[in-house]
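Just so we're on the same page: letters track the sequence lines, and every chain starts at 1. We use all heavy atoms of the structure for the numbers below, so side chains are in, but hydrogens, waters and symmetry mates are not.
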Amino acid sequence: MTPEQLSTAVRDVLAAAVDAGEVSLPDGVPDRVTVERPRNREHGDYATNVAMQLAKKAGANPRALAELLAARLRAVDGVTAVDVAGPGFLNITVSAAAQGELARTVVEQGAEYGRADVLTGTRLNIEFISANPTGPLHLGHVRWAAVGDAMARVLDAAGADVTREFYINDRGAQMDKFGASIMARAHGRDVPDDGYHGSYVGELARAIVEDQPGITELPEDEQLVAFREAGYQRQLAEQQRQLDEFRTRFDVWYSERTLHDGGRVEHALDVLRGKGHVFEADGAVWMRTTDFGDDKDRVLVRTDGGYTYFAADTAYYVDKRERGFDVCIYLLGADHHGYVGRLRAIAACAGDDADRNIEIPIGQMVKILDRGEELKLSKRAGTMITLGQVVDAAGVDALRYSLCRYPADSPLTLDVAQITKHTPDNPVFYVQYAHARLSSILRNAADLGVDRGELDPSMLNHERESVLLGALAEFPRVVATAAELREPHRIARYMEDVAGTFHRFYDDCRVLPMGDEDATDVHRARLWLVDATRVVLANGLGLLGVAAPERM
RNA sequence: GCGCCUGUAGCUCAGUCGGAUAGAGCAGGAGCCUUCUAAGCUCUUGGUCGGGGGUUCGAAUCCCUCCAGGCGCACCA
């Protein structure tokens, strides 16, 4: 019996009590009844607080209402005991057989187990990283690479139609500075003060000159463009390679230039003019974002006739909506949180609901310590910690998992030594090890010729088995919650719980027959449970983009 | 000055439709391998949930206020 089924059963019991005239609910029976796993085992397998929630509406004493529901619940198939406790909690105990059926469900659903449908029908666009193509991805991008990718996977698992998007800022003054910096290096000159000082610029210059020997002979203005474009292409390819290595995938790489070249900016301005939020003042064209909570109005077209970056942001949002996305998610770093107000205002000015059509989660900064020292980037000194260097130090799995295991809105410090060590106090390895251990049991079973056979769920009546089954049953709800709250870290925390629960089961319950023993129904049932546990961990790790090793 | 985020055990942090005695790991202490991975498990010490007020059957959670720390407030990109 899954929590979902039990919740439905409780709701049905409530409805039956209403029909029988034992309870009166002026607002009707609620659609959903919360059934949760109590922290304390003495409170049964599941508990519900419906009686307390509805007591006031029903004009009844919470405990009396609970008693009334308990009497009916006891008759439900698979329920073995119902107690009324405290101010009116219903503590429910489920039979081993009803609970054990879950092992079959999980194994049969396999990779599908855990998928939910809470977001079915929602078209989501999730944009993250969106770095300038003027250099390699660095430390500042790493958190969203991991969390954004995991979030996209979780949203997909919850049934949403997800598009992952990377916005390429390939237009504007920064690009020209980038081109000028490469050109300066190609001629052995100093990079301009406001240019790019990283050592990669020199390497780029060398590679480009080698590839296009005539480039340094071009007139200065043409040469700058040639360097800029060649540098752009190489850096974009480099970023894509870095992300590929980090297992972060995008569906759409959206170039800012195409917004301008395709007339999308003019189009967006027309749309917004039509909504009445555009005005002219001081020779510039503005959008009245203060109508919607922004702290100041924003310029769209400068006095010199050029479009601002904000105009492109506006066009980009309008474009996303016209491409059919219901919700546009922008993952921004804390250093960009000043953009939240104006982005929300864009949505509102476009006639949308800023509380529904746009979401802007803010990720706080990450510090990474290596051998006690903070990996720090300094643009001025030209020292830079690239994504690749961090990956080299910590490994993709450890890095992705560790970044995903904390809520993105809390500041984070990771120690490379801490997240890469192979000890149980490292959550990555604790979870991966559990998966390897499970895989090992399944391998050994095959070697011994023990087949899972038919499941007799009533064999799974050990305390540790019951707790493990209960934990596995939570997976779909955890996925749904993680998706709805945009909090993939819940998946990691959940898996740590499952891994611990499994290790404790393993310690107390022998799965395979020993020596010359014949396999019994208990062995077979435990194999089902082991298989189901392995499925849940594999699916969960998959949601974080972390490997589920079969051997360690 | 205004805005966003954070404040929970010695340390790193979980904890959202408000629920039962506030949790986990580490660190400290004591144990468990003749058979499936000891990269594991068991027991134990440890709290004014930053302070104060409010809402109610019930608050770490919701509201107000104060304190401390981080970040941000361009006709830059």
Side-chain angles (χ1 to χ4, degrees), chain A residues 32 34 36 38-40 42-43 47 49 52-53 55-56 62 85-89 91 132 134 169 171-177 194 256 281-286 293 295-296 298-304 306-312 333-341 360 362-365 405-415 418 421-427 429-430 432-434 436-445 447-448 450 481 484-485 487 489-490 492-493 496-497 499-500 502-515 517 523 526-527 530 551-552:
Chain A
R32 287 190 51 204
T34 306
E36 60 180 14
R39 212 173 276 278
N40 189 336
E42 287 166 20
H43 295 148
N49 59 0
M52 289 179 292
Q53 301 250 305
K56 197 170 272 179
F89 286 102
N91 294 336
N132 292 335
T134 53
N169 295 128
R171 190 174 174 282
Q174 287 304 316
M175 290 299 289
D176 291 335
K177 287 175 187 170
D194 61 350
E256 184 187 355
D282 307 327
V285 178
W286 300 68
D295 44 15
K296 60 187 69 167
R298 306 287 167 178
V299 172
L300 290 162
V301 185
R302 295 190 304 259
T303 40
D304 67 7
Y307 290 116
T308 58
Y309 194 80
F310 177 73
D335 52 343
H336 285 81
H337 82 246
Y339 286 46
V340 173
I360 309 147
I362 297 297
Q364 296 297 316
M365 302 300 181
R405 135 173 231 272
Y406 302 93
D409 59 7
S410 63
L412 179 58
T413 302
L414 294 182
D415 186 317
Q418 190 70 32
K421 65 181 179 181
H422 295 198
T423 52
D425 57 311
N426 179 1
F429 284 90
Y430 187 73
Q432 286 190 319
Y433 177 67
R437 215 178 204 189
L438 286 154
S439 303
S440 169
I441 298 170
L442 295 172
R443 265 197 310 276
N444 293 341
D447 290 348
L448 287 173
V450 178
T481 305
E484 287 178 312
L485 299 177
E487 290 181 346
H489 76 273
R490 287 167 184 275
R493 300 290 172 161
E496 289 163 27
D497 181 54
F502 160 67
H503 285 309
R504 288 185 281 278
F505 154 79
Y506 178 89
D507 206 53
D508 275 9
C509 301
R510 175 79 198 187
V511 177
L512 298 174
M514 290 201 278
E517 268 184 350
H523 295 125
R526 286 179 175 170
L527 263 185
V530 164
R551 294 172 201 274
M552 288 177 74

Practice prompt. Remember a base hit wins even if backbone is also touched, and classify A:R510 as base, sugar-phosphate or nothing at under 4.0 Å, heavy atoms.
Written response: base
Worksheet item: According to a strict under-4.0 Å criterion, is A:R443 in side-chain N/O contact with OP1 or OP2 of B:U37?
Response: no
Worksheet, complete the sentence: Per side chain to side chain contact (heavy atoms under 4.5 Å, CB included), A:Y406 is matched among A:H489, A:R493, A:Q364 by A:R493
Fill in: Options B:A20, B:C13, B:U37, nucleotide nearest the side-chain atoms of A:R493
B:C13
Practice prompt. Would you please classify the geometry between the A:H336 ring and the A:Y339 ring as parallel, tilted or perpendicular, with 30° and 60° separating the classes?
Written response: perpendicular
Practice prompt. Mind checking A:D194 for me? I need base, sugar-phosphate or nothing, with any heavy atom below 4.0 Å counting as a touch.
Written response: nothing
Worksheet item: Between B:C26 atom C1' and A:Q418 atom CD, what is the distance in whole Å?
Response: 8 Å
Worksheet item: Among B:C41, B:C13, B:G19, which is the nearest nucleotide to the side chain of A:N49?
Response: B:G19
Practice prompt. Can you tell me the distance, in whole Å, between the CZ atom of A:F505 and the C1' atom of B:U37?
Written response: 15 Å
Item to complete: Quick one: list whatever passes side-chain hydrogen bond (donor to acceptor under 3.5 Å, both in side chains) with A:H503, sequence neighbours left out.
Response: A:R437
Worksheet item: Ignoring hydrogens and angles, are the base of B:A20 and the side chain of A:N91 linked by a donor-acceptor pair under 3.5 Å?
Response: yes
Discussion item. Measuring only the C1' atom in each nucleotide, how far is B:G3 from B:C13? A whole number of Å is fine.
Written reply: 27 Å
Worksheet item: Mind checking the P distance from B:C64 to B:U42? Whole angstroms is fine.
Response: 43 Å
Discussion item. Taking any heavy-atom pair under 4.0 Å as a contact, classify A:H422: base, sugar-phosphate, or nothing.
Written reply: base
Discussion item. Quick check on B:C26: syn or anti? Syn means the glycosidic torsion is within 90 degrees of zero.
Written reply: anti
Worksheet item: Tell me, do A:F429 and A:M552 make a side-chain contact under 4.5 Å, heavy atoms counted?
Response: yes
Worksheet item: Atom CD1 of A:I360 and atom C1' of B:C5: how far apart are they, to the nearest Å?
Response: 15 Å
Discussion item. What I'd like to find out is whether the side chain of A:L527 reaches to under 4.5 Å of the side chain of A:V450, using heavy atoms alone.
Written reply: yes
Discussion item. Tell me the closest heavy-atom pair linking A:P513 and A:L448, and the distance in Å.
Written reply: O-CD1, 4.4 Å
Worksheet entry | Atom-pair distance (CG on A:D415; P on B:C11), nearest Å | 17 Å
Worksheet item: Roughly how many Å is it from CD in A:E487 to C1' in B:G15, rounded to a whole number?
Response: 11 Å
Worksheet item: Expressed in whole Å, how much space separates the P atoms belonging to B:U12 and B:U55?
Response: 36 Å
Item to complete: Select one nucleotide: of B:U16, B:C41, B:U37, the one nearest the side-chain heavy atoms of A:Y506.
Response: B:U37
Discussion item. Side chain of A:A47 only, heavy atoms from C-beta on: which candidate in B:G19, B:U37, B:A20 is closest?
Written reply: B:A20
Worksheet item: Do A:R298 and A:D295 sit within salt-bridge range, that is, some charged N less than 4.0 Å from a carboxylate O?
Response: yes
Item to complete: Consider the side chain of A:V511, meaning its heavy atoms from C-beta on, and name the nucleotide among B:G25, B:C36, B:A39 that approaches it most closely.
Response: B:C36
Worksheet item: For atom C1', what is the distance between B:U56 and B:G50, given to the nearest Å?
Response: 24 Å
Fill in: Nearest-Å distance once atom C1' is located in both B:A9 and B:G23
10 Å
Item to complete: Please confirm whether the backbone N or O of A:I362 pairs with a side-chain atom of A:D409, one donor and one acceptor, at under 3.5 Å?
Response: no
Worksheet entry | A:M514 or A:R437, whichever maps to the more 5' nucleotide of RNA chain B | A:M514
Worksheet item: Roughly how far apart, to the nearest Å, are B:G19 and B:C73 at atom P?
Response: 37 Å
Worksheet item: How many Å lie between CZ on A:R551 and C1' on B:C36, as a whole number?
Response: 14 Å
Worksheet item: CD of A:E517 versus P of B:U35: gap in Å, rounded?
Response: 14 Å
Discussion item. Could you tell me if the side chain of A:V530 sits less than 4.5 Å from the side chain of A:Y506, heavy atoms only?
Written reply: no
Item to complete: Using the aromatic ring of A:F89 (for Trp, its six-membered ring), decide whether it stacks on the base of B:A20 within the limits of 5.5 Å and 30°.
Response: yes
Worksheet item: Of all the choices, B:U37, B:U16, B:G19, which nucleotide is nearest to the side chain of A:P87 once you look at every atom?
Response: B:G19
Worksheet item: When you check every protein heavy atom under 4.0 Å of nucleotides 70-77 of chain B, what one-letter string (B, S, -) results, 5' to 3'?
Response: -BSSSBBB
Worksheet item: Can you check whether A:N444 has a side-chain N or O nearer than 4.0 Å to OP1 or OP2 of B:U37?
Response: yes
Item to complete: Would you write the dot-bracket representation of RNA chain B, where each base gets (, ), [, ], | or . depending on whether it forms a Watson-Crick or G-U pair under 3.5 Å and with which partner?
Response: (((((((..((((.....[...)))).(((((.......))))).....(((((..]....))))))))))))....
Discussion item. For the P atoms, the ones on B:U6 and on B:A14, what distance do you get once it is rounded to whole angstrom?
Written reply: 10 Å
Worksheet item: Quick one: is B:A14 close enough that its OP1 or OP2 comes under 4.0 Å of any side-chain N or O from A:S410?
Response: yes
Worksheet item: 5'-most contact on RNA chain B: A:P38 or A:Y433, nearest heavy atom basis?
Response: A:P38
Worksheet item: For A:D507 and B:G31, what is the distance between atoms CG and P respectively, to the nearest whole Å?
Response: 18 Å
Discussion item. Under 4.0 Å, counting only non-hydrogen atoms across every strand here, what does A:P513 touch: a base, just sugar-phosphate, or nothing?
Written reply: nothing
Worksheet item: Below 4.5 Å, heavy atoms only, C-beta onward: do A:R551 and A:S439 meet side chain to side chain?
Response: no
Discussion item. Please give the distance between the C1' atoms of B:C11 and B:G54 as a whole number of Å.
Written reply: 34 Å
Worksheet item: Are any of the side-chain heavy atoms of A:M175 and A:T134 separated by less than 4.5 Å?
Response: yes
Item to complete: Using only heavy-atom distances, determine whether the side chains of A:Y430 and A:D425 contain a donor-acceptor pair under 3.5 Å.
Response: no
